[in-house]
Every structure is written in structure tokens, then in C-alpha cells.
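Just below is one structure, and these are the notes that go with it.
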Amino acid sequence: MEGSTGRVAKKKVAVVGGGLVGALNACFFAKRGFDVEVFETREDIRLAKIVKGRSINLALSHRGRQALKHVGIEEKIVSKGIPMHARMIHSLTGKQSPIPYGKKGQYILSVDRANLNKVLLTEAETYPNTKLNFDHKLQDWSVETGLMTFVRSDGSKKQTTADLIVGCDGAFSATRKQFLRQTRFNYSQTYIPHGYMELTMLPINGEFAMRPNYLHIWPRNTFMMIALPNLDKTFTCTLFMPFDEFEKITTGDQVIEFFQKYFPDTIPLIGVDTLKRDYFRLPAQAMVSVKCSPYHIGDKCVLMGDAAHAVVPFYGQGMNAGFEDCNVFDEIMDQFSEDLSAVLPEYSRVRVPDDHAIADLAMYNYVEMRAHVNSRWFLFRKYLDNLLHFLMPKTIIPLYTMVTFTRTRYHEAVAHWHWQNKVIHRGLLLSTTGAVLGGSYLLIKNPPNVNKLIIPAEKVWNRLMALRTS
Ligand SMILES: Cc1cc2nc3c(=O)[nH]c(=O)nc-3n(C[C@H](O)[C@H](O)[C@H](O)COP(=O)(O)OP(=O)(O)OC[C@H]3O[C@@H](n4cnc5c(N)ncnc54)[C@H](O)[C@@H]3O)c2cc1C
Ligand SMILES: Cc1cnn(-c2ccc(OCc3ccccc3)c(C(=O)O)c2)c1-c1ccc(Cl)c(F)c1
């Protein structure tokens with residue numbers, strides 16, 4: 001498009017949503033020289049006291065860091081994050097078992113959500129071609145004209161157009177409403193029966209109540225709890241539990257009774273009074289999984305982040321996947337020289353399989369952890385992962401490692417994981433068959449007192465199965 005000065009005027013991009021992905025996207029587009037306007041329904045969080053209702057901290061890993069690196073703010077965020085080099089698995093008896101995530105450089109970072117969002121907004125504002133509009137809630141937009149209508153808290157309305165609308169307005173996206181009116185648009189959402197509640201573990205004598213450089217996990221099948229460290233030496237504990245279990249606990253004493261039964265080691269760390277107070281501070285929050293496709297309409301609009309794929313938080317990848325959306329879109333912009341009529345369809349073609357894969361994986365993890373995973377089974381699985389990886393480092397790569405510490409495309413990581421499982425099961429089958437045949441040969445040649453053998457084998461089998469159910 002020729003501007004009055006004869007130079008090609010850059011296109012205008014409207015980013016709907018100034019959350020984590022919208023703010024980062026503003027940096028990506030501004031860096032390309034687009035005129036960027038961000039429209040955010042909330043007030044400027046940099047001026048607000050507290051931001052209620054969202055998880056307080058998050059796990060940032062490789063995919064997210066690579067996107068932040070592309071716009072030059074990785075170090076700014078990492079310097080304010082706390083490295084977690086291993087999981088710390090808490091058993092019912094209070095025993096703590098660390099299992100490293102991998103080699104020295106392989107760690108995930110606990111970062112403060114509000115600070116991350118503020119840094120991203122401020123970074124976007126450093127570009128002269130970026131404008132942030134707060135208290136602007138998208139009400140609707142027109143596919144034909146690209147005209148967007150925003151409503152303000154005083155009831156006034158504002159209308160504007162853009163060459164490209166980027167919907168980053170979260171799981172309950174208003175931008176996505178127009179998509180639902182398009183033919184051949186696929187959409188599904190699932191609320192899981194679990195809710196989550198955040199509790200704060202304060203410092204004890206000015207120090208972290210637990211070892212800080214770990215992702216603390218209390219796997220209790222139906223109930224799970226995790227704790228991520230904060231710079232102020234607190235931990236944010238997130239309790240995951242079915243809503244009907246939350247609803248059974250209505251008094252402070254019942255809170256303590258519940259924690260005494262499932263998380264006894266945390267009571268002296270969180271404190272009885274803090275537990276009783278924090279448990280009733282906010283109701284448990286719902287978790288929804290949203291999948292849709294395609295992510296674009298023509299050359300006019302594209303969805304990214306939770307607006308495109310809200311995932312349950314059981315893999316710690318929602319934000320990382322959203323940040324990677326920005327990076328992938330930018331890579332495709334390079335491939336197609338910013339020709340939006342080619343970029344948008346290619347983005348859907350490339351990204352939908354990957355975001356669906358991580359959505360499915362997070363849901364699989366939720367089902368797997370809820371059904372089978374107590375502390376002993378968690379430890380067994382992770383030790384087995386690490387052992388197989390040690391024995392066959394190029395063939396067996398733990399799924400969590402591929403997802404968290406590489407940019408292997410999510411759907412390729414899952415495919416490799418399925419292949420690995422087949423190899424392992426075949427290997428186990430072959431070695432078991434070989435052992436049985438070899439054993440049988442020896443038994444026939446020199447038959448020992450069989451009764452002495454059967455009991456230990458049964459004992460081993462029962463011990464293994466006990467890992468899954470106790
Ligand atoms: C309990 C929990 C724990 C999590 N832990 C992790 C983790 O450890 N690691 C990880 O990677 N991810 C994690 N996530 C996921 C992560 O929080 C989300 O994936 C991420 O916040 C998505 O960012 P987003 O910008 O796409 O959406 P959001 O963060 O929801 O931001 C959307 C923005 O759009 C604004 N908005 C909404 N509607 C409109 C409108 N109509 N007009 C204008 N603006 C609008 C909202 O105010 C908001 O600012 C977790 C999620 C939960 C619930
Ligand atoms: C916030 C965040 C960042 N990463 N993870 C995470 C997720 C899954 C994991 O293993 C899957 C598995 C373990 C054991 C058996 C099967 C699967 C591991 C791991 O391997 O340490 C780490 C989480 C997280 C989020 C919610 C819950 Cl409830 C939780 F426990 C952890």
C-alpha cells in the first residue's frame with residue numbers, strides 16, 4: 001500500500017487482549033514495523049494494586065524463552081525467575097525425593113505472572129509504532145469490513161479498523177465469536193471436574209519454607225498439589241481437586257483434617273491459621289480445555305494463545321505454547337514475505353496439529369495423574385524415564401524433556417513418544433520371552449525346588465502393582 005511519502009506504509013495490526021500472549025505479540029509485530037494497537041479490557045495492570053483470579057506464578061520453559069529471546073527480553077524475564085532444576089516429590093509420610101529434570105542446563109523457571117505481563121506491556125510501549133488502549137473491551141467485529149466495536153467501562157463505544165486482527169483475548173475470546181459463524185469452523189470445549197485453588201506458603205524465619213529450586217509436587221491420585229517459589233521467598237501452592245471435594249470442606253477444621261490426611265507435611269509449612277484463612281479467600285477456579293480450527297479467517301484475522309487453544313495446566317505449557325504461537329507466526333511471516341493471504345492459512349496448517357497435540361497431552365496427563373499417580377508411581381516412572389534415557393540417549397527421550405526442553409513440534413514429540421513406547425514394550429516382551437525360554441531350559445535341565453521360586457515372583461509383581469494403587 002503506497003503512503004503519501006511514496007514509501008510503502010506498513011499495515012495496521014489490532015491486537016485484542018493485552019495479556020501475556022497479546023503483549024508479546026505486540027512486540028513481535030512492532031519489531032517488524034507494523035503500526036500496532038493493543039486493546040485490553042482491563043485497566044493498565046501496571047497501575048493496579050493486585051490482579052485477582054489468575055494463577056500467581058507460572059513455569060516458563062524453553063519454548064516460551066525462545067519467543068522472549070526473539071524480542072530481546074529473555075534475560076529481563078529470566079533474571080526475575082527462580083530456576084527449578086528438579087521435581088521434589090512429597091510422599092504421604094513427608095519424605096522428599098528429588099528427581100532432576102536432566103542435564104545441568106535443563107531447568108524450568110518459576111516466574112511471576114503479573115510482573116511478566118507488566119514487562120511485556122512496557123516492552124511493547126518502547127516501540128514508537130505501538131499504542132496500548134486499556135479499558136477497551138471488544139464487543140464484536142465485522143469479517144467483511146474489519147470494523148471492530150469496543151465498549152468502555154463508562155458505556156461509551158469506540159470503533160476502528162485494522163488490516164489484521166490478532167485475537168489474543170483468552171479462553172473466552174470475543175474475537176473467536178465471529179469464527180463460530182463461519183462455515184467449516186470446528187470448535188470444542190471441555191470443563192474438567194477438577195478445580196484449582198492457590199494457597200500461599202510464607203517464609204519461615206525469613207527463609208523459604210522448603211528448598212526453593214524445585215517444582216514441589218504432592219501427587220495423590222485424585223488430589224494433586226504443586227508449589228512454585230516466588231522472589232519474596234513465598235511459595236504459591238496450587239491445589240487441584242474435584243469441585244465436589246472442595247464443596248465438602250466448609251469449615252476451618254475440615255480444611256486441617258483434609259490436609260492432615262493428604263498433605264500432612266505442608267501444615268507446619270503453610271500454618272494452620274494461614275490455611276484456614278486462604279482456603280476461603282477465593283472459591284476454587286474452573287479449568288477449561290478449548291480446541292478449534294482453523295485459527296484464521298481469510299487474510300483478516302488470526303487467533304493465538306488461549307483464544308485459539310486453552311489447555312488444562314497439567315503440563316505447564318499453556319503460556320509456553322501461546323508464546324511459541326507468536327514465534328511460529330513470525331517465522332511464517334518471513335517465509336511468505338509478510339503476504340497475509342499466504343501467511344494466515346499456512347499458520348493454521350502448521351500450528352493447529354501442534355496446539356491440539358499439547359491440549360490432548362495436557363488432558364492425558366490430567367487423566368493419568370488423577371488415576372494412577374501417587375508419589376511412588378511418580379518416582380518409579382521418572383526413574384525409569386531417566387534410566388532408559390541414560391541407556392539409549394538418542395532413542396529414548398522422556399516425553400516431558402521433549403515438550404519442556406526442546407522446540408520439537410508438539411505433535412512430533414507425541415509421535416516419537418508413541419514410537420518409543422512401542423520399542424520399550426517390544427524390548428520388554430523380547431527380554432521377558434528370552435528369560436522365560438532360557439529359564440524353562442534351565443528348569444528342565446536341572447529342576448530345583450519350584451515352591452521356593454514362585455513366592456518371590458509373586459511378591460515382586462504385587463509390589464509393582466501396589467505402586468499404582470497405594
Ligand atoms: C492454574 C493455572 C496454572 C497455569 N500454569 C501455567 C504454567 O505453569 N506454565 C504455562 O506455560 N502456562 C500455565 N497456565 C496457562 C496460562 O496461564 C495461559 O496459557 C496464558 O495465560 C494464556 O495467555 P493469553 O494471553 O493467551 O490469555 P490470557 O492470559 O487469558 O489473557 C487474555 C487477555 O485478554 C483480555 N480480554 C479478554 N476478553 C477481552 C475482550 N473482549 N476485549 C479485550 N480484551 C479482552 C483479558 O483481560 C486478558 O488480559 C496456567 C493456567 C492456569 C489456569
Ligand atoms: C506447572 C508444571 C510444570 N511442569 N509440570 C509437570 C507436569 C507433569 C509432569 O510429569 C508428568 C507425569 C508424572 C508422572 C507420571 C505421569 C506423568 C512433570 C514432571 O515430570 O515433573 C511436571 C507442572 C505441573 C502442573 C500440574 C501438576 Cl498437578 C503437576 F504435578 C505438575
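Source: prediction; values computed, not measured. In this chain, residues are counted from 1 in sequence order. In each ligand, atom 1 is the first atom listed, and ligand 1 is the first ligand listed. Worth knowing before you read on, the calculation uses all heavy atoms, side chains too, and leaves out hydrogens, waters and symmetry mates.
With ligand atoms numbered from 1 in the order given, ligand 1 contributes 27 (O), 30 (O), 32 (C) to contacts under 4.0 Å with heavy atoms of G170. Residue A174 approaches ligand 1 through these ligand atoms, each under 4.0 Å from one of its heavy atoms: 41 (N). The G316 neighbourhood of ligand 1 comprises atoms 7 (C), 8 (O), 9 (N), 10 (C), 11 (O), with distances under 4.0 Å to a heavy atom of that residue. Listed by number with element, the atoms of ligand 1 under 4.0 Å from a non-hydrogen atom of C168 are 32 (C), 33 (C), 34 (O). The distance from ligand 1 to the heavy atoms of Y196 drops below 4.0 Å at these ligand atoms: 1 (C), 53 (C). Residue-ligand proximity, G19 to ligand 1, at heavy-atom distances under 4.0 Å covers atoms 25 (O), 31 (O), 33 (C), 49 (O). Under a 4.0 Å criterion applied to the non-hydrogen atoms of K137, ligand 1 contributes the atoms 41 (N), 42 (N). With ligand atoms numbered from 1 in the order given, ligand 1 contributes 10 (C), 11 (O), 12 (N), 15 (C), 19 (O) to contacts under 4.0 Å with heavy atoms of G318.
F405 and Y400 have perpendicular rings, their planes meeting at more than 60° on a 0 to 90° scale where under 30° would count as parallel. Between H194 and F314, the angle of the ring planes goes over 60°, which puts this pair in the perpendicular group of the 30/60° scheme.
Not a single N or O atom of L228, backbone or side chain, sits closer than 3.5 Å to an N or O atom of ligand 1. The distance criterion of under 3.5 Å between nitrogen or oxygen atoms is met by V21 with respect to ligand 1. At under 3.5 Å, a nitrogen or oxygen of L138, whether backbone or side chain, sits near a nitrogen or oxygen of ligand 1. For a threshold of 3.5 Å applied to N or O pairs, the pair formed by E198 and ligand 1 contains no separation below that value. The distance criterion of under 3.5 Å between nitrogen or oxygen atoms is met by A59 with respect to ligand 1. The N/O atoms of T41, backbone and side chain alike, include one that comes under 3.5 Å of an N/O atom in ligand 1. Checking only distances, M319 does come within under 3.5 Å of ligand 1, N or O to N or O. At under 3.5 Å, a nitrogen or oxygen of E40, whether backbone or side chain, sits near a nitrogen or oxygen of ligand 1.
The closest side-chain donor-acceptor pair between H356 and H309, if any, does not fall under 3.5 angstrom. A donor-acceptor contact under 3.5 angstrom links the side chains of N133 and E37, judged on distance only. Looking only at atom types and distance, the side chain of N230 has a donor-acceptor partner in the side chain of T234 under 3.5 Å away.
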Chi angles and distances behind the ring pair (Phe, Tyr, Trp, His ring centres under 6.0 Å) call for F240, W218: CA-CA 10 Å; F240 298 97; W218 292 259; over 10 Å; no
Steps toward side-chain contact (heavy atoms from CB on, under 4.5 Å) verdict (W141, V16): CA-CA 11 Å; W141 66 281; V16 181; over 6 Å; no
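Pairs engaging residues 59-69 under the salt bridge (Lys or Arg N to Asp or Glu O under 4.0 Å) rule: R63-E324, R65-E74 [sequence neighbours left out].
Salt bridge D44/R46: present, at least one basic N to carboxylate O contact under 4.0 Å. Taking a cutoff of 4.0 Å between a charged side-chain nitrogen and a carboxylate oxygen, R281 and E198 do not qualify as a salt bridge. Salt-bridge formation is not detected for the pair D330/R351: no Lys NZ or Arg NE/NH1/NH2 atom is positioned less than 4.0 Å from an Asp or Glu carboxylate oxygen. The pair K12-D163 fails the salt-bridge criterion, with no side-chain N (NZ, NE, NH1 or NH2) lying under 4.0 Å from an Asp/Glu carboxylate O. Between R181 and E144, no side-chain nitrogen of the basic residue sits less than 4.0 Å from a carboxylate oxygen of the acidic one, so the salt-bridge criterion is not met.
Heavy-atom proximity to atom 20 (C) of ligand 1, evaluated over L215, D306, V16, is greatest for D306. Around atom 43 (C) of ligand 1, the closest heavy atom drawn from Q285, H136, M148 belongs to H136.
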Report, one line per pair, each donor and acceptor closer than 3.5 Å where one atom sits in a side chain of residues 380-388; sequence neighbours left out.
| unit_1 | atom_1 | unit_2 | atom_2 | d |
| --- | --- | --- | --- | --- |
| R381 | NH1 | E368 | OE2 | 2.3 |

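At a 4.0 Å heavy-atom cut-off, ligand 1 touches Q317 through the backbone alone. Under 4.0 angstrom from ligand 1, the non-hydrogen atoms of R113 all belong to its side chain. The backbone of F39, and not its side chain, has at least one atom closer than 4.0 Å to an atom of ligand 1 (non-hydrogen atoms only; backbone = N, CA, C, O).
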Pairwise, report which nitrogen or oxygen atoms of ligand 2 are under 3.5 angstrom from protein nitrogen or oxygen atoms, and how far apart they are.
| unit_1 | atom_1 | unit_2 | atom_2 | d |
| --- | --- | --- | --- | --- |
| ligand 2 | 4 (N) | Y400 | OH | 2.7 |
| ligand 2 | 10 (O) | K382 | NZ | 3.3 |
| ligand 2 | 20 (O) | R87 | NE | 3.1 |
| ligand 2 | 20 (O) | R87 | NH2 | 3.1 |
| ligand 2 | 20 (O) | K382 | NZ | 2.9 |
| ligand 2 | 21 (O) | R87 | NE | 2.8 |
| ligand 2 | 21 (O) | Y101 | OH | 3.0 |

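Within the structure, ligand 1 has R42 among the residues with a heavy atom less than 4.0 angstrom away. At least one heavy atom of L20 sits under 4.0 Å from some atom of ligand 1.
Checked against side-chain hydrogen bond (donor to acceptor under 3.5 Å, both in side chains), Q159 has the following partners two or more places apart in sequence or in another chain: T149.
Aromatic rings from F223 and F258 are positioned such that their centres are separated by under 6.0 Å.
By the 6.0 Å and 45° rule, R277 does not stack over the aromatic ring of Y279.
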